[in-house]
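Right, one structure below, let's go through it.
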Amino acid sequence: QSKPVEITLMYGLGGRLGEIIRATIDRYNKSQTEVVVRGEFADSYEGVLQKALAGIAAGQPAADLLQLEVALWPRLAAAGQLTDLATLPGFKAMYDGFWPVFRRQTDPDGDGKVYAVPWNNSNPVTYYNPQLLKKAGFEAPPKRWTEYREFARKVKEATGVPALAIPSFPWVLEGAVFSNDGEMVRGGRLALNEPAALEVINTWTQMIRDGSAVVENANTTQDFVAGKVAITFQSVASRPGIKALAGDKFKSNVRVANLPYFKKPVVPVGGATLAIPKGIPQDHVLAAWKFIQWLNTPEQQLAWIKETNYVPVTRATNDLRAFQSYLLTEQGLGQGMLQLPTARPRPADPGYVQAIQEIRKTLEDIWLNNRPVEPAINDLVNRTQALFKQP
Ligand SMILES: O=P(O)(O)OC[C@H](O)CO
């Protein structure tokens, strides 16, 4: 018997989700004898991208398999640094099984070249504290962003704590802008100075300035479970972390609802894909591909989802009776699936990857340093224009 091929998976999820990745790798290694996978933690999704870029610069791929967030893989694909997975055996059978929105996220121009395949995909939801809302006379958070200002003022007044934490990382922003018929990128530049996006940013800024909302920070999840903020907008896959922190208060103090919207419900796709860098030996490519195929079997997807609450990326997983009965075991477990029909890919422009950091800086400048909205956003659009190719 020949020696197993050893490959490395570089991943970006820490905490409880990182533990689940390591347990998944162990399960795979024990299930067969041809491939041994080693996990390497890169600190965050951004960390995986940075290590991959450093590997390219050094002429030595950082790993055999990369967990790349859904908006990050285009940066490496555009640099010609990822393997076209559509050339690998059994690709079509697997790829056809993914929900259409995840195929659009990983093949945005529909040219049939696919540099990253779905694995752990998500969307953002509203986590709320029903006890705090009740004090202000609300059963649930509003469905629409336009109702939030009044709602937030009342929650703050009745409870003394801010109603919501708003992230500067532009994932929830994408959903709100898309829901207002706006775009994040249009005509080779950020479209955040268009009326649809400005309405979102102004709505959020007003709540932050009147003290009924705060800017999300590293302590937001802690604050939320401690009842110091009533609402946080996070990934469906943040649930295990929130649950662990909330302990026996989870059932009474945490509920899940849809993400709010302006004109129509829209959620951005989130989570990550798996990609194989160029420049690794062919037996490693094939070994990495075997592991990807195993991860996306309905049985392994289900095992993964039960621990993480990511959404099933394939129909076959969704159709498992065991998945359907799992959804009924706790409030809110099915929220990601309920929102899936309204999901839209995150921007796939390679320039967007760097623009994300600039968007964060600008929003924090507006929210924490009181900078006026329109000049700050116009400046953002102008200074990031060079990142985008003209259409
Ligand atoms: O927390 P995840 O894995 O669902 O990912 C969320 C988004 O893609 C933003 O990073």
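Numbering of ligands and ligand atoms starts at 1, following listing order. In this chain, numbering begins with 1 at the start of the sequence shown.
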| What are the atoms of ligand 1, with element, lying closer than 4.0 Å to any heavy atom of Glu69? | 7 (C), 8 (O), 9 (C), 10 (O)
| query | Which word best sums up how the rings of Phe138 and Phe151 line up, parallel for under 30°, tilted for 30 to 60°, or perpendicular for over 60°? | reply | perpendicular
| field | Donor-acceptor pair between Trp367 and Thr205 side chains, under 3.5 angstrom | value | yes
| task | Using a 4.0 Å heavy-atom threshold (strictly under), name the region of Gln234 that reaches ligand 1: side chain, backbone, both or neither. | result | neither
| request: Write down the atom of Ile25, the atom of Gly39, and the distance for their closest heavy-atom approach. | output: CD1-CA, 3.7 Å
| query | Taking only heavy atoms of Gly271, which atoms of ligand 1 are found under 4.0 Å from at least one of them? | reply | 2 (P), 3 (O), 4 (O), 5 (O), 6 (C), 7 (C), 8 (O)
| query | How are the rings of Phe91 and Trp289 set to each other: parallel, tilted or perpendicular (split at 30° and 60°)? | reply | parallel
| field | Subset of ligand 1 atoms that lie under 4.0 Å from at least one heavy atom of Ser235 | value | 1 (O), 2 (P), 4 (O)
| field | Of Arg149, Arg153, Lys156, the residue whose pairing with Asp210 passes salt bridge (charged side-chain N to carboxylate O under 4.0 Å, His left out) | value | Arg149
| Enumerated ligand 1 atoms positioned under 4.0 Å from heavy atoms of Tyr310 | 2 (P), 3 (O), 4 (O)
| request: Could you tell me which atoms of ligand 1, counted from 1 in the order shown, lie closer than 4.0 angstrom to a heavy atom of Gly270? | output: 8 (O)
